[in-house]
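Below is one structure, written out as structure tokens, with a few remarks after it.
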Amino acid sequence: MSYFHPEEEHQVWVLERYDSTHPGTRYLVEFADGEAYICRLDTAYDSENSGELEVDEGDPLFDEFHQVSMEIIEIKSKGLRPYDQWLSLDYRDWPALINDVDRGAVVYPAPRR
């Protein structure tokens, strides 16, 4: 599989693969600064930064990435990342920890095989 960024294989794609085998899972999503939420994965898609930064595709600052949208169902420690009840995750600001609340499993950082 090809990735926009090498780290996506061990971040966003690990979460997506886990959710595909455990649909409806509640995840504890924690960031290094203490911000934390209980979420469910809603959708995933490829995105880019042209709209948020007004960067043209030919510009060296143009960036494509894979992103997941999480529905926040409980706030553990509020911060500035959410948009209403939604949290978007991609390699640019990936959480420090993602746990499956229902099964007690660590999803990220992914156990190395």
Side-chain angles (χ1 to χ4, degrees):
M1 173 170 247
S2 70
Y3 307 98
F4 291 113
H5 300 275
E7 54 267 56
E8 290 178 338
E9 178 181 7
H10 305 289
Q11 295 174 338
V12 67
W13 285 103
V14 166
L15 176 59
E16 269 195 68
R17 282 189 292 272
Y18 187 90
D19 197 74
S20 72
T21 59
H22 303 90
T25 295
R26 293 178 307 137
Y27 298 98
L28 171 62
V29 177
E30 292 184 3
F31 292 88
D33 62 3
E35 199 170 324
Y37 307 91
I38 303 291
C39 304
R40 282 199 177 92
L41 194 146
D42 178 59
T43 192
Y45 46 88
D46 292 339
S47 191
E48 36 88 356
N49 68 346
S50 65
E52 64 191 38
L53 298 177
E54 297 181 14
V55 177
D56 292 328
E57 194 170 324
D59 190 304
L61 295 176
F62 180 78
D63 190 17
E64 291 181 278
F65 43 88
H66 196 70
Q67 192 168 60
V68 294
S69 178
M70 308 287 286
E71 180 181 13
I72 298 170
I73 55 178
E74 182 183 337
I75 297 170
K76 294 297 218 174
S77 180
K78 188 168 177 60
L80 299 175
R81 289 177 178 92
Y83 181 76
D84 292 328
Q85 78 269 17
W86 302 100
L87 185 64
S88 293
L89 303 178
D90 62 62
Y91 88 100
R92 300 172 303 164
D93 185 27
W94 193 254
L97 179 71
I98 301 175
N99 284 342
D100 176 335
V101 174
D102 302 317
R103 293 167 191 83
V106 175
V107 178
Y108 180 86
R112 299 289 178 182
R113 296 180 196 194

Is the shortest heavy-atom distance from the side chain of V107 to the side chain of Y27 under 4.5 Å? yes

Just wondering, do D63 and R92 contact through their side chains at under 4.5 Å, heavy atoms? yes

Within the 3.5 Å criterion, strictly below it, is a donor on H22 or D102 matched to an acceptor on the partner's side chain? no

Under the 4.5 Å side-chain heavy-atom rule for ILVMFWY, direct or indirect, which residues accompany V101? L28, I38, I73

L15 vs Y108 side-chain heavy atoms within contact, under 4.5 Å: no

Flag side-chain contact, heavy atom, 4.5 Å: S88 against Y45: yes

Apart from W86 itself, what residues make up its hydrophobic cluster when side-chain heavy atoms of I, L, V, M, F, W and Y under 4.5 Å apart count as a link, directly or indirectly? none

List the residues meeting side-chain hydrogen bond (donor to acceptor under 3.5 Å, both in side chains) with E16, not counting sequence neighbours, and say none if there are none. H66

If you look at every heavy atom in G24 and D19, which pair is closest and at what distance? N-OD1, 4.3 Å

Among all residues two or more places apart in sequence or in another chain, which pass the side-chain hydrogen bond (donor to acceptor under 3.5 Å, both in side chains) test with E35? Y37, R81

Please report the closest heavy-atom contact between F31 and L89, naming both atoms and the distance. CZ-CD2, 3.7 Å

What I'd like to find out is whether the side chain of D90 reaches to under 4.5 Å of the side chain of S47, using heavy atoms alone. no

One should read off an interatomic distance between Q85 CD and I75 CD1, to the nearest 0.5 angstrom, of 10.0 Å

Taking only residues two or more places apart in sequence, or in another chain, which ones meet R103 in a side-chain hydrogen bond (donor to acceptor under 3.5 Å, both in side chains)? T25, D100

Rounded at 0.5 Å granularity, tell me how far CG in D33 sits from CG in D93. 8.0 Å

Partners of K76 by side-chain hydrogen bond (donor to acceptor under 3.5 Å, both in side chains), sequence neighbours excluded? E74

If two hydrophobic side chains count as joined below 4.5 Å and joins carry through other members, does V14 share a cluster with M70? yes

State, to 0.1 Å, how close P109 and V106 come at their nearest heavy-atom pair, and which atoms those are. O-CG1, 3.5 Å

Which heavy-atom pair separates E8 from F4 by the least distance, and what is that distance? OE1-N, 3.1 Å

Consider side chain to side chain contact (heavy atoms under 4.5 Å, CB included). Of Q67, H10, Q11, which one does Y91 pass it with? Q11

Is the backbone N or O of G34 less than 3.5 Å from a side-chain atom of S77, with the two atoms forming a donor-acceptor pair by type? yes

Check whether any side-chain heavy atom of E64 sits under 4.5 Å from a side-chain heavy atom of F62, and report yes or no. yes

